[in-house]
Each structure stands twice: as structure tokens, then as C-alpha cells.
Amino acid sequence: MDETRNELLWIGLTEDKVKETIKNESLTKLLIEMICTLRKFSPDKQTLDRNVGKLIYQAATTSKAQMRQHLPLLIEYIAKQSIDSEMKLTAAIEYLLANTTSVNREQFEQSAGVGVTITAEQITKAVQEQIEKNRDELIAKRYRFNVGIIIVEARKTLKFADGKLVKAEVDSQILQLLGPKTEADSAKPKKDTKEPKDTSTKTKEPKEEDCRDMMELLRRVNLHSVGDNYKTDGYVITSNTMKLLSEHVRETGGKVRTRFPPEPNGILHIGHAKAININFGYAQAHDGFCVLRYDDTNPEKEEERFVVGIRDMVEWLGYKPYKITYSSDYFDELYQLAVKLIKNGLAYVCHQKPEELKGFNPPPSPWRNRSIQENLQLFEAMKSGKLFEGEATLRMKLTLEEGKVDPVAYRIKMAPHHRTGSQWCIYPTYDFTHCLVDSLENISHSLCTKEFQSRRSAYYWLCNSLDVYCPVQWEYSRLNVNYTVVSKRKIAKLIDEKIVDDWDDPRLFTLTALRRRGFPPQAINQFCAQMGLTVASAIVDPIMLEASVRDVLNVTAPRAMAVLSPIRILIKNKAHQLVPTYIEIPDFPSDPASPKHMVPFEKEIYIESDDFRDDTSDPSYRRLTPKQMVGLRHAGCAIELVTIHRKTNGEIDYLEVISHPIESLKEKPKAFIHWVSIPLNVEIRLYERLFNHKNPEDTNEVPGGFISDCNRNSKTVIKALVDVSVKYAQPYQQFQFERVGFFSVDTDSRIGNLVFNRTVGLKDSQSKN
Ligand SMILES: Nc1ncnc2c1ncn2[C@@H]1O[C@H](COP(=O)(O)OP(=O)(O)OP(=O)(O)O)[C@@H](O)[C@H]1O
Ligand SMILES: NC(=O)CC[C@H](N)C(=O)O
């Protein structure tokens, strides 16, 4: 251990850095190997040049496995100080990555800037040229001008110039031109005048800007540039790679191309919203394209109605596919590629039964080494229906990371396919299909969830074995939400057991359910953006999603008044006996330019029963009591109790009150409550969490299984009174019922028989006065 420590100290690492480095075993091993090589070039030196040490460390951390055979060459140039800056090192590594198979020293030196020195005069001149080019804008914008542009452009002409020197020169020349910063230069820029708000009372449709947070996030994510696949970790470079990559760049025009690949075997859920945002968002953020690809290789499970449903949800989230494809579009090509794999000696027809292949250590296949000719004949027999289901599979000669040997590429399924009908009776598996269709579609970034990380090497193996373009697979974490299940099988069980009504029951976290409950797509996108793109697993509390929903609805859902548990009020005094008085109420009270709606204000009104208390003992209660008036929102008056009329059973029948204009009162009422007059009778559905435990699928938490964890009282249906402004509301239209919560019109609604779902409550602090 001491020896390792001494070696790391020798290259100039501090004690702290040594400790931190030693924790990373593979990096330490690589560094020690590199230092061993370095000592051959600097054998006698007690102390090493600091810059050499720094570059050795940088080479260890930034080089990739696929170029490791060339590290001695790199170390030689660093030791000789012919590569003496970070920039030259980066260029050298780029060259080596692009030329893993053979290195030409002359080209290497040229690419790495060996022997290139940039003088101070050259830097001064290059900066002067750029300042001159941007002179007018610089003078106009002064210190608000983005100097980054000048630095980048100057460095383009001086490839190996030291970045710090260029920046210093730019700063100095700008100071000469503009003089020192004035107070005005340091003042905060004025905000642009506000854009006029959308004044329609309809809930807004998602637009490109609604995906902005996601876009911002994905713009900053550092994945590879199109065609630079070979620079990524673990990418396998063959003698044909560079040629295939340049064809790929030609085909794509150098533009990012991603795909969202759902299997059309069910409806999409909140997790898919993340996948949609990442795939479509990454393409959009980089001016590229995203394909919606139905991954339909499992004929028994797939249905046309799911195809339609998936597309609807992608569009609902605000994304437009560049094109729509199906894995089944490529069945012919895939078959030809399978034949090629057999011809390459890398696949064989096997007759082991699925049961035999289960478990960790299945017996090796006795058919692994049969001849290519025999494999071709048997594969043809599989295709032409001469073998039955389960009698044969085509297997690839490859071991997956998790230890699975020879995964299946094709299996026999005597099932009609929703698109190809009975044309095929053999269907390719995920492992065979996904990478090859990505390749055929020239996907630049194959973005998928973390569980596919262990299949990445198989993905690369297959593309390379068939000598086709190999995309890069990047992984991100699955999104899981607490207090719910999203698996299709489990939701189907909830429906069968009549715990929920259907796939779009608003208590579920499918996208159709969230839409029906009133969650706006903007809020779902915003929530996905907050989750970021990490690979760390993300299990999120629904409260977070609800917070995004409130953020959006606050500015998009017009206000209305609804009383969920009414008491009748009769206003006695004359001013209110006129029939009917209409009051103009803004849809968005905090916005002076808000559109308005009219509601009647008659002598008979309704308020919430808990906005009145007969008992006056609680001084913190701020609403109506026999001793305390309460204000009526938007009506400009407060009501004072005169008489409580009771039914024979003692329950309150109605309250008689008198009203006072607010201006006439010496003391303002402590609270203003909502009310309705000549209201509509509607149905309201209130929802609670469907599951009691955070992880209903975890048998440690819920030993009786997820069904036993269901809250059977999670849906309550009540009758309520709502003001007439909502009379013609359409399904999915959203409202904020003042002081009550956010509500959305349910698809069961009919004019004259409106049904509302409570989307989310208001924040606690806002809910009551
Ligand atoms: N919970 C999730 N979080 C993020 N991405 C997901 C999640 N579930 C699925 N995806 C991604 O969405 C894409 C399409 O998924 P597909 O419907 O084929 O997946 P799935 O894993 O079968 O989903 P499920 O079984 O949960 O319905 C895939 O790239 C998949 O990785
Ligand atoms: N690589 C992926 O994104 C996987 C997609 C595939 N339809 C699956 O989930 O099984």
C-alpha cells in the first residue's frame, strides 16, 4: 500500500487526492501501470516535472478502454514533454480513439500539436481580429457582451493556445476598448416587459415552451456528438467502425436521432413520461429527431388499440414524432441478418426446452456446434412452420454480463401479429431486435433504462458481429412513484378485482388516469425535468408530482366557486332582495388583465357548513359565528347572523343573516369565504391514495401482497353546488374552486349532469382562512 501511495505522490498528487484515488481500484491499477511505463522514460528523476504528473493523471482518467494498447505511446510523448498541455493531450486521445487499430506517428504528432508553440504575439493578434469583428456590438452592449464568443473564435485559429492566456488577453483588450466597468454596467438588466397573458378560460394546451425545463436540462447533458460513438466508454471499435460511423453521419446529416420504443401491450404510465421526455427532449434540445417506434415483437400481447393510445399520450405530452415505425417493419431485414449471423458461425438452432434453460446454471446446449449448413436448414424450417412452438430456438453464441449463456434470438410463435398477420411464425427477441433496429434506423443515442445496462455489451456484440453501424446505448434511471403500482399485470388485477374502474381510473398513475384526474401535461413534464437524468434510482413521493400540478394549475385553471357541504343562507335586508344581481369575477384574481365571468348573487346563497360555527368559544376561528361577521368573496359585503333556523330534529335548516357593504364597516371581517347562488348541482369525485404503504409491491412492507394494501375508501362521490360559470365546461377542463382545490371535468360528464374529479387540494396554508 505504501508503495502505491509513494508512486501516486511521485506524480504530484496531494495526500488527500492520493486517499481519494486509492478508493477507486481500477483507476489506481491503471495509474500504477502507467507510472511504471513513465519510469522507463524518466528513470533517474527523484522528482517529476509537475506538469508531466498532472497530464499522466489526466490521461488515466480520460482515456478509454478501447485505446489502452496505445497508452505507452501517449506516456512517451508526455514524458518527453512533446505533449505538454491539456489541450494537446485531449487532441492526442481523440486521435488514438479514432485510430485504435493502427497509429501513424506523423499523423498522431500533427493531430496532437506536437512541436506547436503559440507565442504571446500570435494570441494578441488573434484576439485583436475577433475584437475588431465584434466592435460595434461590444460598444453597444459593453460588459453585457458574451466574451465567450471571442474566446472560442480566437482559439479556433490558434488550436493549441493556452485557454487562460487567451482569456487574459481578451479581458485586457476589452478593458482598453471600453474602459473600466461603470455602475450602469453592474446594474441588473431590466426585465423584459411582461408578455400579455393568455386570457382564454380554456386550460392551455402544452406547447414547446412547456417542455422548456426538460430542454434546458438535456441541452446541458454531456452525451457524445453524432459520429463520435467511438469515444464513449466501452464502445467496441472494429476495422470497419470509422467507415460505418461516417456513413451514419452522412445518413443523419450529423443530427441527433433518438427513439421512444414502447411495446404496444398496454397503456403508458408515469415512468414512460420520463422516457418520452428524455428521448423526445434530448432530440429536440439538440435540434435532432425522435422516432416513435412500436417494439412489437411479441404477437400474443400486442394490440392495435394500444398503438393508438400510446401515440395519443406522446402527443398529449406535447411531443411530435419525427416518424412512426414498428420493429415489425424490419422483420425481413432482421431475418436476413439472422441468416448472416448463422453464416458467421455465431448463431445456432437449439432444441433445449424453455424449462431446461431456466435458473442460473442451465446445461450447455448439445447443439451449439452443429454445422452452419444444418443451422441454415433448421432456421429455414423454423420460418416455414415445419417445427412447432417450443421445439427450436435460434441462439446467439454470446454470454451476457449477468451470466446468461447464448441468449435466444428467434423463437417460434404460432400467433398472428397485429400488423404482419400470419406471415411469420418466428419472431425475434428483444436482444436480437433492439440493437439492430436502432442500427437500421441510424439511431445516434439509444437511451434506455438502467436495467438494460447489463445488455449493452450484447447490443455492441451483435452489431459488430454483423458488421453494421453500432449506435451508443446510454442509460438513465427508471422512475417509480411511491404508493402505487404501474405494472400492467398488476393494474389488470386491480380492475378484475373491481378495486379501480378501468385503466384510466384517476387513482392510478397511468397517463390516461392522470389526464382524467386533471394533471396537466406541462406539470408531468416539469416533474420529469426535476427528476433529472441521473442513473441513481428514483422513487418519488406523489407529493412532488402534485406540487408541479399546483404550480401549473395556479396559472392556467380559472377560478370558480363550489360548495361541497352546503348550508343555506337567507339574506334578509332589502339591498339583496332585488332579483338577480350579477357579479363580475376575474378568472385569475391576481392578474389585472384577467378575463371575467358572471355569477348571480341572490338573497339565497350557500356557504360551506364548516364556515359557520354556532359555538363562539374558539378565538382562533375567523369565520361566521353568532358573534362574528364573515366577508363574502367578490361580493363586496359581509354577512352577520340574525337567526339560526333549525329542523325538528335540531339540525340547521338555514341561517338568516343581514349583509353590510364592506365600506360601511369600521372593522374589516377577519375572513372572506366562498359562496354560490342559484348554483348548478354537480357530482364531485374525491380521491385518496389507493395504497396505504409506500411500496405496496414489497412483501416485507406488505406481506399480504399489493391487493391487501388497497384503501377501499379511496374514492368518495358527493353532490355539490358550483357557480354557473362552469355550465358548459368540457371534459378535461380544469378549474380552481376557490378555497377548495383544483378540479377537472370528468369524461363521464354531460351538460346538465356535470362530474368533476378533485385533481389535488390546495396547499394547506391556502385551504382555509
Ligand atoms: N418506470 C420507468 N421509468 C423510465 N422509463 C421507463 C419506465 N418504464 C418503461 N420505461 C421506458 O419506456 C420505454 C418503453 O417501454 P416499454 O413499454 O417497452 O417498457 P416496459 O418496461 O415494458 O414498461 P412496463 O412493463 O412498466 O409497462 C423503454 O425505453 C423503457 O425503458
Ligand atoms: N432499450 C429499451 O429502451 C427497451 C425497450 C423495450 N420495448 C422494452 O422495454 O422491453
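Atoms within a ligand are numbered from 1 in the order they appear, just like the ligands themselves.
No more than 12 heavy atoms of other residues, nucleotides or ligands sit less than 6.0 Å from atom NZ of K301. Residue-environment remark: NZ (K404) stays at or below the threshold of 12 foreign heavy atoms within 6.0 Å.
When the options Q352, R395, R368, K397 are evaluated for a side chain to side chain donor-acceptor pair (under 3.5 Å) with D406, the one that passes is R368. Each of Y330, F432, F379, Y427 was scored for a ring-ring contact (aromatic ring centres under 6.0 Å, His included) with Y335, with one residue passing: F379. E688 pairs in a salt bridge (charged side-chain N to carboxylate O under 4.0 Å, His left out) with only one of the listed residues (R758, R507, R712), which is R758. If you run side chain to side chain donor-acceptor pair (under 3.5 Å) between R411 and each of T429, T393, N298, only N298 comes through.
Residue-level contacts of ligand 2 at the 4.0 Å heavy-atom threshold are R259, P261, D295, Y430, H434, C448, F452.
Seen from the ring of Y483, K694 does not count as a face-on cation partner, given the 6.0 Å and 45° thresholds. Figure legend: R419 and Y326 shown as a cation-pi pair, the cationic atom lying under 6.0 angstrom from the six-membered ring centre and within 45 degrees of its axis. Stacking of K490 on the aromatic ring of F706 is recorded, both the 6.0 Å distance cut-off and the 45° axial limit being met.
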Could you tell me, for ligand 1, which of its N or O atoms are under 3.5 Å from any protein N or O, listing the pairs and their distances rounded to 0.1 Å?
unit_1: ligand 1; atom_1: 1 (N); unit_2: L479; atom_2: O; d: 2.9
unit_1: ligand 1; atom_1: 3 (N); unit_2: G271; atom_2: O; d: 3.3
unit_1: ligand 1; atom_1: 3 (N); unit_2: L479; atom_2: N; d: 2.8
unit_1: ligand 1; atom_1: 5 (N); unit_2: G271; atom_2: O; d: 3.4
unit_1: ligand 1; atom_1: 8 (N); unit_2: R478; atom_2: NH2; d: 3.2
unit_1: ligand 1; atom_1: 15 (O); unit_2: H272; atom_2: NE2; d: 3.3
unit_1: ligand 1; atom_1: 17 (O); unit_2: H272; atom_2: NE2; d: 3.0
unit_1: ligand 1; atom_1: 18 (O); unit_2: E263; atom_2: N; d: 3.1
unit_1: ligand 1; atom_1: 23 (O); unit_2: H272; atom_2: NE2; d: 3.4
unit_1: ligand 1; atom_1: 26 (O); unit_2: H269; atom_2: NE2; d: 2.8
unit_1: ligand 1; atom_1: 27 (O); unit_2: K488; atom_2: NZ; d: 2.8
unit_1: ligand 1; atom_1: 31 (O); unit_2: T449; atom_2: OG1; d: 2.7

